[in-house]
Amino acid sequence: MFAGLTDKARAARINRTLATLYPDARCLLDYSNALELLVATILAAQCTDKKVNEVTASLFRRYRSAADFANADPAQLEQEIKPTGFFRQKAKSVIAACRALVERHGGRVPESIEELTALPGVGRKTANVVLGNVFGQPAIIVDTHVLRLAARLRLSKETDADKVEKDLQALLPPGEWTAFSHRIGFHGRQVCFARNPAHDRCAIAQWCPSRP
DNA sequence: ATCCCGAGGG
DNA sequence: CCCTCTGGAT
């Protein structure tokens with residue numbers, strides 16, 4: 001309870017306000033199909049979406065199918081994705097995940113959270129990005145921004161991303177999950193910075209226990 | 001020094 | 001729970 005509201009009512013007001021503030025909130029990774037978004041999201045770990053897009057612009061011209069990535073030369077793929085950081089791990093994950101796509105799913109990207117997270121290098125965050133953005137399934141995407149803002153807004157007391165995901169699911173209707181995630185992401189990047197949050201120009205400060 | 005649309009291993 | 005993997009931006 002904060003500001004005389006239940007957490008659910010407060011979450012609803014926060015969501016509504018952010019929806020007005022960021023009517024165009026969406027995934028900012030460039031992609032044209034599920035496979036491209038899956039790969040882009042693997043590359044997005046601890047990296048800005050802008051940097052990922054710079055890399056994938058040429059990458060997706062060279063690799064067009066799961067089989068293409070599955071058969072990639074690891075050393076070459078490492079060089080191609082180097083600017084995104086963690087390039088050895090990510091190259092390994094992309095190749096292993098795509099190999100699993102070819103072997104288990106006929107080269108297609110599966111549409112369930114269980115099958116997605118069973119892919120090497122694919123956790124709940126990556127799986128939810130794909131489910132929410134290309135398969136139209138309700139998905140709370142707990143990235144660094146959602147994790148940080150959920151804590152500051154006290155929409156969850158948990159620090160574990162999976163538990164925060166559950167808490168947020170309980171506070172919002174499924175139809176809002178994906179859009180809410182993007183709105184929080186936008187607000188995290190533009191106002192509620194990791195280091196010095198701009199409380200003075202924050203549209204949801206009245207519902208935020210962390211404001212000065 | 002800290003952060004960026006994380007995941008896996010110990 | 002912790003740690004590592006990576007490098008560029010701020």
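We name chains A, B, ... by the order of the sequence lines, and we start the count at 1 in each one.
When rounded to the nearest whole Å, the span between CZ of A:Phe86 and P of C:dG8 equals 13 Å. Between the P atom of C:dG8 and the CZ atom of A:Phe87 lies a distance of 10 Å, rounded to the nearest Å. Atom P of nucleotide C:dT6 and atom NZ of A:Lys90 are separated by 10 Å, given to the nearest angstrom. With rounding to whole Å, A:Leu147 atom CG is found 12 Å from B:dC3 atom P. Between A:Leu43 atom CG and C:dG8 atom C1' there is a gap of 16 Å when expressed in whole angstrom units. Atom-to-atom, CG of A:Leu149 to P of B:dC4 comes out at 11 Å; the value is rounded to the nearest Å. Rounded to whole angstrom, the span from the CG atom of A:Asp162 across to the C1' atom of B:dG6 amounts to 11 Å. Here the C1' atom of nucleotide B:dC4 and the CG atom of A:Asn53 are 14 Å apart, to the nearest Å.
Phosphate contact (OP1/OP2 of C:dC1, side-chain N/O of A:Thr159, threshold under 4.0 Å): present. Within the 4.0 Å cut-off from OP1 or OP2 of B:dC4, at least one side-chain nitrogen or oxygen of A:Arg148 is found.
A gap of 14 Å separates the P atoms of B:dT2 and C:dC3, to the nearest Å. B:dC4 and C:dC1: their C1' atoms are spaced 23 Å apart (whole Å). Separating the P atom of B:dG10 from that of C:dT6 is a span of 16 Å, rounded to the nearest Å. Between the P atoms of B:dC5 and C:dC5, the separation comes to 22 Å (whole Å).
Note on A:Arg88: only backbone sugar-phosphate atoms sit closer than 4.0 angstrom, heavy atoms only; bases stay farther off. Heavy atoms of A:Leu29 sit nowhere under 4.0 angstrom from any nucleic acid atom.
Taking all atoms of both residues into account, the shortest heavy-atom contact from A:Pro138 to A:Pro174 is CB-O, 3.3 Å. Of all the heavy atoms in A:Arg10 and A:Trp207, the pair that sits closest is NH1-O, 2.9 Å.
Map A:Gln89 and A:Pro83 each onto its nearest nucleotide of DNA chain C; the residue landing nearer the 5' end is A:Gln89. Residues A:Arg195 and A:Thr48 each lie close to DNA chain C; by heavy-atom proximity, the contact nearer the 5' end of the strand is made by A:Thr48.
We find that A:Lys50 and A:Glu54 are joined by a salt bridge, their nearest charged nitrogen and carboxylate oxygen being less than 4.0 Å apart.
Looking at A:Lys90, its side chain does come within 3.5 Å of a backbone N or O of A:Ala45 through a donor-acceptor pair.
Using a 4.5 Å heavy-atom cutoff, the side chains of A:Arg183 and A:Glu176 are in contact. Under the 4.5 Å side-chain criterion, counting only non-hydrogen atoms from C-beta, A:Asn133 is in contact with A:Tyr31.
When the shell of 6.0 Å around CZ of A:Arg108 is examined, it contains 12 or fewer heavy atoms from other residues, nucleotides or ligands. Within 6.0 Å of atom CG in A:Asn196, 12 or fewer heavy atoms from other residues, nucleotides or ligands are found, so the atom counts as exposed in its surroundings.
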Below 3.5 Å is the cut-off: list the nitrogen or oxygen pairs between protein and nucleotides 7-10 of chain B, distance only.
from	atom 1	to	atom 2	distance (Å)
B:dA7	OP1	A:Gly123	N	3.1
B:dA7	OP1	A:Thr126	N	3.0
B:dA7	OP1	A:Thr126	OG1	2.3
B:dG8	OP1	A:Gly121	N	2.5
B:dG8	OP1	A:Val122	N	3.4

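Minimum atom distance to the side chain of A:Lys51 is reached by C:dG8, of the listed B:dC4, B:dC5, C:dG8.
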